[in-house]
Asks: 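My questions all concern the structure below.
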Amino acid sequence: MKALEGVRVLDMTHVQSGPSCTQLLAWLGADVIKLEAPSGDITRKQLRDVPDVDSLYFTMLNCNKRSITLNMKSDRGKQLFTELVRDSDILVENFGPGAVDRMGFSWDRLQELNPRLVYASIKGFGPGRYAKFKAYEVIAQAMGGSMSTTGFEDGPPLATGAQIGDSGTGIHAVAGILAALYQREQTGRGQRVQVAMQHAVLNLCRVKLRDQQRLGHGPLSEYPNKTFGDEVPRSGNASGGGQPGWAVRCAPGGPNDYIYVIVQPVGWAPLAGIIGRPELANDPEWATPEARLPNLDKMFQLIEEWSITRDKWEVLDLLNAANIPCGPILSTKELLEDESLRQEGALVEVDHPQRGSFVTVGSPLHLSDSPVDVTAPPLLGEHNTEIYAGLGLSVEELAELKTNGVI
């Protein structure tokens with residue numbers, strides 16, 4: 001039995017933020033029915049690497065789901081949607097503000113149809129001044145505090161490769177949905193769950209808001225920056241936390257030949273010995289964190305002068321043997337080829353009926369009594385017959401609906 005077995009999700013989401021949410025629910029065992037327009041989720045055709053086959057953009061966000069098609073602009077489509085809502089536990093959508101209301105299904109109407117329904121909406125912004133702005137991944141990063149604090153001090157703001165705006169918001173939505181499901185067990189009522197991309201990014205950037213307030217009491221000594229204004233600056237690869245860290249270069253000097261090193265107080269003496277400078281362990285100018293903080297750039301330069309003579313895997317082994325926190329910068333190629341990640345289920349190979357085998361991420365959630373088997377994403381409308389038949393429609397009615405463009 002899976003954790004969410006018996007829970008039905010009507011998935012009206014598209015692109016990334018919504019599908020990342022509903023895929024996690026599917027991995028937890030929910031029956032996720034992806035409701036698409038007859039033309040399909042736009043990402044089925046975006047960034048295709050194989051002609052006339054669903055793109056990796058789509059397949060990697062829609063595993064373990066079932067797909068039906070429905071034209072919500074038609075009267076019959078609205079009738080069928082009404083039946084689907086009555087038969088669902090959760091409805092998730094990430095259309096523009098008010099889109100579902102304009103279809104004739106406001107929250108009040110949905111509650112009338114199914115008082116136990118958990119209705120989750122993912123939007124770009126909250127109901128304030130930005131409510132009608134269009135949101136994309138990097139716009140959410142820009143407006144949530146991430147970009148202004150990412151990059152080097154003398155460079156422009158930068159986006160992060162992690163999709164904290166889209167997939168990060170999807171994960172937040174999962175938390176809200178599961179909480180609402182749990183509360184429904186106590187109250188018998190569903191409720192509205194709303195998550196904004198800007199808010200989710202802001203939540204992920206809370207340490208920078210922490211530092212903004214600390215800045216009012218003086219410079220941030222954990223940052224390598226020499227000067228401070230009235231805003232948290234970009235600080236390159238500095239950890240910005242209680243323990244200083246930096247990415248140091250390794251041999252042979254390629255774009256990802258780096259290892260990230262954290263220097264804890266207890267780790268300085270063994271680190272000094274490893275890099276061939278044991279005298280620094282007791283040198284008053286280096287021996288304490290307070291002495292090292294003003295010279296972080298010089299400290300990591302000393303480490304790099306040693307690390308650049310070895311590859312990152314040798315550096316990793318030597319530092320880990322001394323219990324010094326560190327991690328190699330892993331490229332996307334290295335990650336896809338990492339056997340450990342495959343053994344752990346973090347990466348899985350999935351067979352697709354049209355494109356063949358592809359690699360995708362596995363579930364990051366591991367429950368001892370609810371193991372996850374990642375299965376292929378559905379073809380467009382693949383489950384029309386079985387799901388609509390469950391609503392009482394005959395084969396002849398389904399054929400007529402298809403002819404009339406309803407499904």
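Model, not experiment: these values are computed from the prediction. Sequential numbering from 1 along the given sequence is applied to the chain's residues.
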Asks: Please list all pairs passing the salt bridge (charged side-chain N to carboxylate O under 4.0 Å, His left out) test where one or both residues lie in residues 112-129, with sequence neighbours left out.
Replies: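 Passing the test, one end in residues 112-129: Glu93-Lys123, Arg109-Glu112.
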Asks: Give every residue pair that meets the ring pair (Phe, Tyr, Trp, His ring centres under 6.0 Å) criterion with at least one member in residues 59-86, sequence neighbours excluded.
Replies: Phe81-Phe105
Asks: Tell me which pairs pass ring pair (Phe, Tyr, Trp, His ring centres under 6.0 Å) where either residue lies in residues 370-404, with sequence neighbours left out.
Replies: none
Asks: Could you work out, with side-chain contact (heavy atoms from CB on, under 4.5 Å) as the rule, every residue matching Thr69, not counting sequence neighbours?
Replies: Leu380, Asn384, Ile407
Asks: Decide yes or no for Thr22 and Lys34: does some side-chain heavy atom of the first lie under 4.5 Å from some side-chain heavy atom of the second?
Replies: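 No; the side chains remain at least 4.5 Å from each other.
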Asks: Quick one, Lys65 and Val9 - any side-chain contact, counting heavy atoms below 4.5 Å?
Replies: no
Asks: Can you list everything that forms a side chain to side chain donor-acceptor pair (under 3.5 Å) with Ser331? Sequence neighbours excluded, please.
Replies: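 With neighbours one apart ignored, the set is Glu334.
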Asks: With sequence neighbours left out, write down each residue that passes side chain to side chain donor-acceptor pair (under 3.5 Å) with Ser67, or none if nothing qualifies.
Replies: Glu36
Asks: For Asp108, check side-chain contact (heavy atoms from CB on, under 4.5 Å) against everything at least two apart and list the hits.
Replies: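 Residues passing side-chain contact (heavy atoms from CB on, under 4.5 Å) with Asp108: Ser106, Gln111.
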Asks: Just jot down the salt bridge (Lys or Arg N to Asp or Glu O under 4.0 Å) partners of Lys134, sequence neighbours excluded, or say none.
Replies: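 With neighbours one apart ignored, the set is empty.
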Asks: Listed by chain and number, what are the side chain to side chain donor-acceptor pair (under 3.5 Å) partners of Glu386, not counting sequence neighbours?
Replies: Arg66
Asks: For Tyr57, check side-chain contact (heavy atoms from CB on, under 4.5 Å) against everything at least two apart and list the hits.
Replies: Val15, Gln16, Thr43, Gln46, Leu47, Ser55, Leu61
Asks: Would you name the heavy atoms of Leu215 and Phe228 that are closest together and state the gap between them?
Replies: CD1-CD2, 3.9 Å
Asks: Which residues satisfy the ring-ring contact (aromatic ring centres under 6.0 Å, His included) test with His14, sequence neighbours excluded?
Replies: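 Applying ring-ring contact (aromatic ring centres under 6.0 Å, His included) to His14 gives Phe95.
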Asks: Please tell me whether Gln79 and Glu83 have a donor and an acceptor in their side chains that are separated by less than 3.5 angstrom.
Replies: no
Asks: I'd like to know whether Lys78 forms a salt bridge (Lys or Arg N to Asp or Glu O under 4.0 Å) with Asp75, so could you lay out the CA-CA distance, the side-chain angles of the two residues, the decisive distance to 0.1 Å, and finally the verdict.
Replies: CA-CA 5 Å; Lys78 288 180 169 62; Asp75 290 339; 5.4 Å; no
Asks: Tell me, please, which residues at least two apart from Gln212 pass side chain to side chain donor-acceptor pair (under 3.5 Å).
Replies: none
